[in-house]
Amino acid sequence: MDIVKVAKELISRDDIDVVIGYEKGRAPFQNVPFFARTQEDCEKLVLNPFSVHNLSTYIRSFKDKKVALFAKPCDIKSIIGLLQEHQINREKVHIVGINCRGVVDAKKLITSLKDKEVTDWSVTEDKIIIEGPEGKEEFPVKDFLMEKCHSCDERKPALCDQVIGEEVKETIGKDEIERIKELEKLTPEERQKYWNSEFSRCIRCYACVKTCPLCYCDRCFVESSKPQWVDKSNSLKSNKAFHIIRAFHLAGRCIGCGECDRACPMNIPLSELNRKMKKSVQEHFDYTAGKDPEVIPPLSTFEKEDKEQFIH
Amino acid sequence: MEKQQTEDKKTGAGWEPRIVGFVCNWCTYAGADLAGTSRLKYPPNVRLIRLPCTGSIDPLFIIKAFQSGADAVLVSGCHPGDCHYTSGNYHARRKMTVFRDLLEFTGLDPKRFWMSWISASEGQKFATFMSEIVSEVKKMGPIKGYNEV
């Protein structure tokens with residue numbers, strides 16, 4: 001799986017202007033997005049379990065150019081979402097699908113290392129190698145996978161122009177809505193207390209908004225000042241309004257890439273709200289996001305026979 | 001003395017529920033009007049906000065209502081098939097089904113969010129329904145935890 005070769009071939013094509021991939025990051029245990037425009041640039045590209053970013057957020061910013069990008073199966077689901085909403089042109093995207101075994105959760109690994117000094121790091125398909133003043137240490141990749149990888153059921157790309165990597169047959173098989181069911185069992189007061197303690201930590205950095213591929217509105221409701229729906233301070237009241245409305249705006253659209261969770265500097269479990277919406281949409285409208293680019297999203301359409309049990 | 005009175009009104013003996021109703025102009029608002037011209041009696045706790053259609057109700061308004069102090073929120077419009085704008089109420093139905101789940105998940109008692117179809121000729125239904133909402137909300141007490149700063 002020589003991605004440098006793949007990238008060089010793509011960039012040499014007349015119609016492709018940029019190849020979006022990953023290069024080794026300066027912060028430990030994660031790669032960073034890299035935009036290769038020349039043959040020389042392509043030399044820097046890497047692809048390994050540290051390639052965690054969802055690169056589909058960048059497609060929209062290359063308006064009139066044709067873009068090639070490396071996309072994991074979860075990233076491809078957000079590309080499908082963008083296609084459904086006519087935000088990108090299928091002919092202007094060349095998707096290199098990746099057969100994926102999962103990616104590393106850098107936060108989890110850093111927490112487990114505690115204060116250990118790390119001078120360099122690298123990763124193979126199944127081992128994380130950490131170098132420090134006391135020598136090398138190895139950890140299995142599968143012990144430090146992202147939460148989302150545990151419940152991933154689609155380890156091969158659903159939509160792509162070419163594939164790299166060996167086909168992955170096995171899945172870990174955890175239920176992603178197990179946590180949601182746990183929360184649903186609490187009383188309304190307990191849930192309120194839980195969410196109040198989470199939302200009160202939000203500093204309104206909007207990293208979750210910036211990183212989400214489907215949070216693309218040029219003018220977000222939270223920026224509106226005439227009328228001001230949500231005030232700009234990070235009080236619990238306005239944090240709550242912001243996150244609840246944002247979760248609603250992503251209902252039926254979020255595909256669970258988990259970038260919001262990863263980007264949050266305060267470790268707020270935002271994906272729990274989105275997973276609840278995913279469950280809700282599945283139950284009420286039998287719809288799952290990120291499968292078919294031709295289907296209209298559920299909240300943009302209706303059926304005459306939609307259920308209305310709670311309506312008097 | 002005055003402060004105590006205001007406190008009582010908010011949570012104590014003098015408390016009356018404050019309910020915000022987002023209603024559509026063509027059906028429910030007209031139905032409410034009919035209840036008025038027919039001199040039907042019902043509790044005065046509901047404040048109606050008139051919109052062209054339930055389809056134009058953004059869940060943002062509902063959160064804003066709760067955070068401004070509403071003890072319950074009502075959404076009401078034309079019956080399915082009778083929407084003045086053909087399909088607005090169908091969209092509202094889908095939105096509110098999903099939004100209700102989200103409100104419940106983040107800790108709101110789902111009995112504080114009401115939705116109904118009331119047509120322009122259903123003045124009696126409107127009056128009866130308002131009485132029902134007010135009596136249910138009185139049992140639940142004032143809302144806690146949504147409008148705290």
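Numbers restart at 1 for each chain; the letters A, B, ... are given by sequence-line order, proteins then strands.
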Between [X] and chain B, with a heavy-atom cut-off of 4.5 Å, which part of the residue counts as in contact: side chain, backbone, both or neither?
X: L186(A); value: neither
X: Y194(A); value: neither
X: E190(A); value: neither
X: S233(A); value: neither
X: A251(A); value: side chain
X: H249(A); value: side chain
X: K307(A); value: backbone

> Does anything in residues 21-51 of chain B get under 4.5 Å of chain A by heavy atoms, and if so which residues?
Replying inline: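 Checking residues 21-51 of chain B against chain A gives no residue, so none.
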> Does the pair E308(A) and T97(B) meet the rule for a side chain to side chain contact (heavy atoms under 4.5 Å, CB included), with working shown?
Replying inline: CA-CA 8 Å; E308(A) 47 175 70; T97(B) 307; over 6 Å; no
Part of [X] within contact of chain A (heavy atom distance under 4.5 Å):
X: I63(B); answer: side chain
X: P80(B); answer: side chain
X: K64(B); answer: side chain

Please give me the minimum heavy-atom distance between [X] and [Y], naming the atom from each residue.
X: R93(B); Y: E305(A); value: NH2-N, 4.3 Å
X: G107(B); Y: Q192(A); value: O-NE2, 3.3 Å
X: H91(B); Y: S300(A); value: CE1-O, 3.5 Å

Taking the side chain as C-beta and beyond, is there a heavy-atom pair between [X] and [Y] under 4.5 Å?
X: E189(A); Y: K144(B); answer: no
X: D101(B); Y: H284(A); answer: yes
X: D58(B); Y: W229(A); answer: no
X: F310(A); Y: M96(B); answer: yes

>> side chain to side chain contact (heavy atoms under 4.5 Å, CB included), that's the test. Do H312(A) and E132(B) meet it? Break it down for me.
In response: CA-CA 11 Å; H312(A) 293 253; E132(B) 185 187 337; 4.1 Å; yes
>> Sub-4.5 Å heavy-atom contacts with chain B: which residues of residues 204-216 of chain A show up?
In response: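 Result: none.
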>> Once rounded to the nearest 0.5 Å, what's the spacing between atom CD1 of I245(A) and atom CD1 of I62(B)?
In response: 8.5 Å
>> Rounded at 0.5 Å granularity, tell me how far CG in L60(B) sits from CZ in F242(A).
In response: 12.0 Å
>> Around atom CD1 of I296(A), are there more than 12 heavy atoms from other residues, nucleotides or ligands closer than 6.0 Å?
In response: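 No, the 6.0 Å shell around CD1 holds no more than 12 heavy atoms from other groups.
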>> Looking at chain A, which one of R94(B), K95(B), R100(B), K125(B) has the largest number of heavy-atom pairs inside 4.5 Å, strictly under?
In response: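 Most heavy-atom pairs under 4.5 Å with chain A: R94(B).
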>> I'd like to know whether V281(A) forms a side chain to side chain contact (heavy atoms under 4.5 Å, CB included) with V98(B), so could you lay out the CA-CA distance, the side-chain angles of the two residues, the decisive distance to 0.1 Å, and finally the verdict.
In response: CA-CA 7 Å; V281(A) 166; V98(B) 168; 4.2 Å; yes
>> Please check: side-chain N/O of K276(A) versus main-chain N/O of F105(B), any donor-acceptor pairing under 3.5 Å?
In response: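 No, K276(A) side chain to F105(B) backbone: no donor-acceptor pair under 3.5 Å.
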> side chain to side chain contact (heavy atoms under 4.5 Å, CB included) between T106(B) and K240(A): does it pass, once the steps are laid out?
Replying inline: CA-CA 9 Å; T106(B) 48; K240(A) 219 168 176 167; 5.7 Å; no
